[in-house]
J.: 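Can you keep this structure in mind? I'll have questions shortly.
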Amino acid sequence: MKKLILSGLILFSLAGAAFSAELTAKEITRQAAGKANVDESILYLRNQVSRVSDLTQKRALYIFMASLQEQMAFYSDAQISYAQAASIAAPDAEGFPKKSNEQLVLDAVRCALSAGDSDTADTYLNSAVRNSKNARIRAYIKLYTQWSKLCRADTADDLQEPVLILQSYLKSEAMTYVYPAVLLTLWYLTGEKAYGVEIQGKFPGSMEAAVVNGDAQLLPTPFWFFVPKKGEAEQGTGTYAAVEIPKDSGNDDANGAISLPGVGGAASQAESPAGSPSAAATSSDEKASCKLQVGFFGSKKNAEGLCEELKKKNFSPYITTETRSSGTTYYLVLINDPDGNLADKLRSNGYECYVVE
């Protein structure tokens, strides 16, 4: 009997030791920072987050991993991680930035749009976040809804409705939170200098002003790269002005779980392969073995028209399709670039291109 009691005590002691040995988010992120490269850091975070049982710590790890993935332009992975964090009802972890779950949903939307995935962005926008009582959140929902429409635009004619709506936002006090972003979008789409002048005059220390001045560049994400334009926005040559980085507004809302389609509960783990970058993250060293994407269309006819145009200029384009989870099929115009020399040739012929794996 004594042996049985002793064995039980040992097992209980071991279980308690195992429980107390669970790493905190702070310790895991510290160890991740010490890895040899970012891919290893993300892989380590992905493995550890599945082992963490404390919901506050798990949520903090998903947020940290998402921000790292976004910084490295792994947008598809980042949107999954942000969405996973938003699905967890838990307070902010000590020592980590404060973010409400509604803010995390918007982060997921932004990353989905950066990856050119408007279907997923719309799924997030149509979740419970649309009923937010936070004025800032509502302003961003309206802005991102228009950005999602721009993702689907094939021609300059498709811009008419979003442009009119964005212009109306400049007259709405409720949209003051996103004025700089709205102005920048209109400047980029229309090429009208007045929008750039307004950004420089009213928001001189903003990131948007830095883009207009030529001090910063828009990242070549699918959203900015493939959206059609009515005119060419002209950047300045650079002012080297100090850019004010917007401060996080903090977490003003409760962190209730926000259920998003395609996202499991707190215990589920993102299934996207570790370190699989979006096309925007492809390095210059990889260009030689990659393809160049010259077009992305919702219409097969438009894709075929571009192919015919390119063939007349002695290029060898071909079309592939990509079907999203919503069932929508997109047509991609690609050109193989075995030697890494075609990008300059395409641009000199007036075609923008985008490196994909």
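Numbers here simply count residues along the sequence, with the first being 1. No experiment lies behind these values; they were computed from the predicted model shown.
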J.: Between Ser41 and Asn37, is there a donor-acceptor pair closer than 3.5 Å when you use the side chain of the first and the backbone of the second?
T.: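 Pair found, side chain donor or acceptor close to backbone of Asn37.
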J.: So do Tyr62 and Leu104 actually touch side chain to side chain, heavy atoms under 4.5 Å?
T.: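 They are not in side-chain contact.
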J.: For Glu70, which residues count as a salt bridge (charged side-chain N to carboxylate O under 4.0 Å, His left out) partner, sequence neighbours excluded?
T.: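 Partners of Glu70 under the salt bridge (charged side-chain N to carboxylate O under 4.0 Å, His left out) test: Arg110.
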J.: Ring of Tyr318, cation from Lys291 - is the NZ or CZ under 6.0 Å from the centre and inside 45° of the axis?
T.: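 Not satisfied by the 6.0 Å and 45° rule.
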J.: Using modelled atom types only, decide if a donor and an acceptor are shared between the side chain of Asn47 and the backbone of Tyr44 within a distance under 3.5 Å.
T.: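 No; zero donor-acceptor contacts below 3.5 Å.
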J.: Checking Arg51 now: which residues fulfil side-chain contact (heavy atoms from CB on, under 4.5 Å) with it, not counting sequence neighbours?
T.: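 Arg51 satisfies side-chain contact (heavy atoms from CB on, under 4.5 Å) with Gln48 once adjacent residues are dropped.
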J.: Any pair with a residue in residues 294-313 that passes salt bridge (charged side-chain N to carboxylate O under 4.0 Å, His left out), sequence neighbours left out, goes on the list, sorted by first then second residue, please.
T.: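 For residues 294-313: none.
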J.: Among residues at least two apart in sequence or on other chains, which ones pass side-chain hydrogen bond (donor to acceptor under 3.5 Å, both in side chains) with Asp154?
T.: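 Asp154 satisfies side-chain hydrogen bond (donor to acceptor under 3.5 Å, both in side chains) with no other residue.
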J.: Glu173: what forms a salt bridge (charged side-chain N to carboxylate O under 4.0 Å, His left out) with it, not counting sequence neighbours?
T.: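 Once residues adjacent in sequence are excluded, Glu173 has no partner under the salt bridge (charged side-chain N to carboxylate O under 4.0 Å, His left out) criterion.
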J.: For a quick test of your reading: what N or O donor-acceptor pairs under 3.5 Å do the side chains of residues 162-170 make, sequence neighbours left out?
T.:
residue, atom, partner, partner atom, Å
Gln167, NE2, Tyr195, OH, 3.0
Ser168, OG, Ile165, O, 2.5

J.: Could I get the full list of salt bridge (charged side-chain N to carboxylate O under 4.0 Å, His left out) partners for Glu161, not counting sequence neighbours?
T.: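 With neighbours one apart ignored, the set is Lys149.
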J.: Only counting residues at least two apart or in another chain, list the ones meeting ring-ring contact (aromatic ring centres under 6.0 Å, His included) with Phe223.
T.: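 Phe223 satisfies ring-ring contact (aromatic ring centres under 6.0 Å, His included) with Trp147 once adjacent residues are dropped.
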J.: Once rounded to the nearest 0.5 Å, what's the spacing between atom CG of Asp117 and atom CG of Asp122?
T.: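 These two atoms lie 9.0 Å from each other.
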J.: Write out all pairs satisfying salt bridge (charged side-chain N to carboxylate O under 4.0 Å, His left out) with one or both partners inside residues 178-198, taking only residues at least two apart or from two chains.
T.: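 Listed once each, the pairs are Glu198-Lys202.
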J.: List for me each residue that meets side-chain contact (heavy atoms from CB on, under 4.5 Å) alongside Ala25, sequence neighbours excluded, and say none if there are none.
T.: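 Listed in chain order: Gln57, Ala60, Leu61, Phe96.
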J.: Using the test ring-ring contact (aromatic ring centres under 6.0 Å, His included), find all partners of Phe64 that sit at least two apart in sequence or belong to another chain.
T.: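 Partners of Phe64 by the ring-ring contact (aromatic ring centres under 6.0 Å, His included) criterion come out as none, since no residue qualifies.
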J.: In chain order, what residues pass the salt bridge (charged side-chain N to carboxylate O under 4.0 Å, His left out) check against Lys230, with sequence neighbours excluded?
T.: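 With neighbours one apart ignored, the set is empty.
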